[in-house]
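Remember, it's a predicted structure, so these values are computed and weren't measured experimentally.
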Number of protein chains: 4
Amino acid sequence: MNFDSGLPIYIQIVEIIKTRIATGILKRGEKLPSVRDMATELKVNPNTIQRSYGELERENVVFTQRGMGTFVTEEESILEELKGNMAREKIISFMEDMERLGYNRDEIPAIIKETILEGK
Amino acid sequence: MNFDSGLPIYIQIVEIIKTRIATGILKRGEKLPSVRDMATELKVNPNTIQRSYGELERENVVFTQRGMGTFVTEEESILEELKGNMAREKIISFMEDMERLGYNRDEIPAIIKETILEGK
Amino acid sequence: MNFDSGLPIYIQIVEIIKTRIATGILKRGEKLPSVRDMATELKVNPNTIQRSYGELERENVVFTQRGMGTFVTEEESILEELKGNMAREKIISFMEDMERLGYNRDEIPAIIKETILEGK
Amino acid sequence: MNFDSGLPIYIQIVEIIKTRIATGILKRGEKLPSVRDMATELKVNPNTIQRSYGELERENVVFTQRGMGTFVTEEESILEELKGNMAREKIISFMEDMERLGYNRDEIPAIIKETILEGK
DNA sequence: GTGGTCTAGACCACA
DNA sequence: GTGGTCTAGACCACC
């Protein structure tokens, strides 16, 4: 795993975990890897993972039980919001890419429909 | 710049240059940086750039004039096709991402329209 | 327990015991811990406790029976006065705090009423 | 300065700074001591101060300008809210103390009024 | 100079 | 074992 995108490593890890949760790789209520295991897996310092987990907890995406571990939230509403946010980000960056390629915002839905039909 | 995506570096450079052309950073008929300059800019071996330019020429995206340098094609149809291909790739990977987030192919155009409206 | 408030330790202990009596942790007529036990509990020299007990006796808050130990006074009037004094101190320091936060002496009772209502 | 209240040091520092702001010792827009100076002053590690400042920034009580320092927020509404919160905490703990001394919640405003009158 | 991030390694409370 | 805190010391970007 590389972390040279310019963003702080702990933020990048937050994004990775959010993606895993939003896409269902990590499920509602599931235990995350321990701070130490995650640190070993991603080859970063445990404090960095700690910070990532802390940030996720602040956002109520995960919760921790002392001595037990860190878990994906049980609250469905937060998970839905998370998916919505990630989708919105994906859409926005996609649209920016498309505009850079010379397409107009408003014609994009139509182009997508075409592409869907082609693929069928 | 990192080139550790697994793909051969020369292919990655081909993609970078195609993106620059498709987005208009490099314009129709414009001279590309010399092999040597490009190698310096991307911190790779000049032979690698040479190979990338060769590939681009094979695809008629650029053409070479001995002693003058390498230039973006003058043929509008090729540029259009290039943009179309890049757009199609973007759309496909975007749709895969959205499906992973739990959205159905067919509902995506509608979601995009909503997001456009929100952003206004 | 820390005793680094600047005040003599024996005075601080007098205050601790008065608080325990005023709040009913130590009841009317109840035996106080022996000097030796109290010294162990608070991790101070027994002579210090001896001095604190002496001070409390001087104020008629406790009385000593040779060979039996030290006891909270039986006189209700002294206990009432003790509570009144502690309340007055609490009120004064509370009001100073509130004034420092920018509240006027005279508006404080009203603010408290509001807070009581909120808490209901 | 002692930090053995059981609470994490960084939280205690957050409280100290909030008190300084709420009581006007630190004014609207004023620069806080640098992380390093504060660490020296309070004899803790700079990272601990960093964490405290980060927490305060998260709560919008302060903001930072890279290379310039950390400053008390300019937003009056946040400062008002801060004072309100600190007052509420003071009131609640004061009332708990008074109840422990045998006074009823509802009679406290009256007792305060008496104490004010006595002091005049 | 400022804050921001990261690593290394320690100790603690909780279970 | 788990997460939570703290220290020490380094390097970075920005001003």
- Note on the structure: D/E57 has its side chain closest, among E/dT5, F/dG3, E/dG4, to E/dG4

- Query: In whole angstroms, how far is the C1' atom of E/dG4 from the CD1 atom of D/I49?
  - Reply: 15 Å

- Could you state the atom-to-atom distance from CD1 of D/I11 to P of E/dA13 in whole Å? 17 Å

- May I ask you to evaluate whether A/Y10 reaches the phosphate of E/dT5, defined as a side-chain N or O under 4.0 Å from OP1 or OP2? yes

- note: A/L7, atom CG; E/dC6, atom C1'; distance rounded to Å ~ 15 Å

- Query: Tell me: NZ of D/K31 to P of E/dT2, nearest whole Å?
  - Reply: 6 Å

- Note on the structure: Regarding the side chain of A/D37, the nearest nucleotide among E/dT2, F/dG3, F/dT2 is F/dT2

- Query: Got a donor-acceptor pair under 3.5 Å from the side chain of A/Q50 to the base of F/dG4?
  - Reply: yes

- Task: Could you tell me whether A/E75 atom CD has more than 12 heavy atoms of other residues or ligands within 6.0 Å of it?
- Result: no

- A/G67 or A/R51: which one's nearest nucleotide on DNA chain E is closer to the 5' end? A/R51

- Message: In this structure, how many angstroms lie between the P atom of F/dT2 and the CE atom of A/M38, rounded?
- Response: 14 Å

- Write down the distance between CG (D/N45) and P (F/dA10), rounded to a whole number of angstrom. 13 Å

- Distance check: side-chain N/O of A/T48 vs OP1/OP2 of E/dT7, anything under 4.0 Å? yes

- Query: Would you call B/I49 and B/I13 a side-chain contact if the rule is heavy atoms closer than 4.5 Å?
  - Reply: yes

- Query: Between the base of F/dG9 and the side chain of D/N47, is there any donor-acceptor pair under 3.5 Å?
  - Reply: yes

- Write down the partner of F/dC14 under the Watson-Crick or G-U wobble criteria, each distance required to be under 3.5 Å. E/dG1

- Please report, rounded to the nearest Å, how far the P atom of F/dC14 is from the CZ atom of D/R66. 6 Å

- Which part of the nucleic acid, if any, lies within contact of A/R36, taking any heavy atom under 4.0 Å across all strands shown: a base, the sugar-phosphate backbone alone, or nothing? base

- Item | Side chains of A/T64 and A/E57 in contact at under 4.5 Å (non-hydrogen atoms) | yes

- Message: Please determine whether a side-chain nitrogen or oxygen atom of D/T64 lies at a distance below 4.0 Å from atom OP1 or OP2 of E/dG4.
- Response: yes

- Less than 4.5 Å apart, any side-chain heavy atom of D/F94 and any of C/K90? yes

- Close side-chain approach of D/F3 and D/I16, heavy atoms under 4.5 Å: yes

- Rounded to whole angstroms, how far apart are CZ on D/F63 and C1' on E/dT2? 14 Å

- Is there a side-chain polar atom (N or O) of D/S34 under 4.0 Å from OP1 or OP2 of E/dG1? no

